[in-house]
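Per chain, numbering begins at 1; letters A, B, ... match sequence-line order. Values in this document were obtained by computation on a predicted structure and should not be read as measured data. FYI, side chains are in, hydrogens and waters are out, and symmetry mates aren't considered; it's all heavy atoms of this structure.
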Protein chains: 2
Amino acid sequence: MTDVRPYHHGDLRQAVLAAAVAAITEAGTAGVSLRELARRAGVSHAAPAHHFGDKAGLLTAVAAEGYDLLANALTDAQQRTGSFREVGVAYVRFAIEHRAHFEVMYRPDLYHADDPVVRAARGRAADALYSGIGSLPDGRAGQDVRLVGVAAWSLVHGFATLWLTGALPAGLGDDPETAARAVAGILFRAP
Amino acid sequence: MTDVRPYHHGDLRQAVLAAAVAAITEAGTAGVSLRELARRAGVSHAAPAHHFGDKAGLLTAVAAEGYDLLANALTDAQQRTGSFREVGVAYVRFAIEHRAHFEVMYRPDLYHADDPVVRAARGRAADALYSGIGSLPDGRAGQDVRLVGVAAWSLVHGFATLWLTGALPAGLGDDPETAARAVAGILFRAP
DNA sequence: GATGAAAACTTGACACTGCCAAGATAGCCG
DNA sequence: CGGCTATCTTGGCAGTGTCAAGTTTTCATC
């Protein structure tokens, strides 16, 4: 069912997916249309729908890819640094580097949020995020683990979305990663 | 024909604005159309555009109203409780109670974000949010005030958006205000 | 290798959208 | 009363998502 060799285009599904991510990066989620993606790929206007069912199906694929990338980024940060704070920084870095994926992921009204593939990828990302709480240095680890996790997730998620919308005040510099590390240090003292 | 409907609606601008908020609450920002709002108000399909210019103009009005409501909610919480944490809780409460406004406010690609009316209202909300940092109990107040403010804002903003998208894990109860108070307590010890 | 089924894609249509230009109507002020 | 302006209507255009039906290619099986 996957890519054996489609005939005219080669790999339309992948091409449309990549074009969608590029279009969302440039013009936001509202600036993407199936017909425009079809034009970019050089196929007829109804070809994309054949692979994704409908527009929500296309965005479902984007979301699934995003949760996969996020899970990888978080586990990588955890294994590389062993620091829960750096997992949070990796979350922010992912949001900025993969803005299109991030914007879709957290707008469940745009896609089929209970798609099994999405659910699985989201679960992996959640596990990766929570896995580092135990490695916290001192007092924090004694608190309710669930609350600490929600607080940390809220902090980095809020920071990322506020940064992306340009809502944050000036004076934080222009490197989101450095700023995120400083802000995360308010919640958890550096190790 | 003996038409009961007068040619002039009387207060179309306000009617469309209210209908837009209701429609966004029900179906999200993507589920609102000028023509549908016109139908609900019983006017022709092009009437709303006369008051708002275009769709972005309508959402600009929604955003401005939202920032006004937010500024009021935050200053009220600050004056009533004197607690910075309760200002944060009020932020979350606003996001849940005025979901439609909140969703529009933080999607600047949908409206004219540099509209002077919006800028003024946003400034009032920011002032209200930051005004309570000085009243923090202990050590926190000695840190970089800007960083503490950004951390607090990020925390409550992230919590609100995650709650609204249904991304948070179960077990936090069904009252967002109580849950927000607990999560905010991780960042700032209760007074 | 031929053949039939299935997958990939095209074509055409429908209802809907935002936006624009031009006309009709109402209230208001001299 | 007569103009004037804001308000609203009408009609049209280009664009969209989605559906149904047809066409072309690939693949599996005989």
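When each of D:dC8, C:dC19, D:dT10 is scored by its nearest atom to the side-chain atoms of B:Lys55, the top-ranked nucleotide is C:dC19. Of the candidate nucleotides C:dT10, C:dA8, D:dC8, D:dC8 has the atom lying nearest to any side-chain atom of B:His51.
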Between A:Thr81 and A:Val87, is a side-chain contact (heavy atoms from CB on, under 4.5 Å) present by the stated rule, with each step listed? CA-CA 8 Å; A:Thr81 69; A:Val87 174; 5.5 Å; no

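Residue B:Ala49 is out of contact with every strand shown, counting any heavy-atom pair closer than 4.0 Å. Within the 4.0 angstrom heavy-atom criterion, no nucleotide atom of any strand lies near A:Arg13.
With the nearest nucleotide of DNA chain D identified for both B:Ala47 and A:Gly53, B:Ala47 has the one nearer the 5' end.
For DNA chain D, none of the residues of residues 24-32 of chain A falls under the heavy-atom distance limit of 4.0 Å. Less than 4.0 Å separates DNA chain D from no heavy atom of any residue of residues 102-118 of chain B.
Between the NE2 atom of B:His50 and the C1' atom of C:dA24 there is a distance of 13 Å, given to the nearest Å. Separating the NE2 atom of A:His45 from the P atom of D:dG15 is a distance of 14 Å, rounded to the nearest angstrom.
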Please report, to 0.1 Å, the donor-acceptor pairs under 3.5 Å made by any side chain of residues 26-36 of chain B, with sequence neighbours excluded.
from, atom 1, to, atom 2, distance (Å)
B:Thr29, OG1, B:Arg107, NH1, 2.9
B:Ser33, OG, B:Glu36, N, 2.9
B:Glu36, OE1, B:Arg39, NH1, 2.6

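A donor-acceptor contact shorter than 3.5 Å links the side chain of B:Tyr111 to the backbone of B:Met105.
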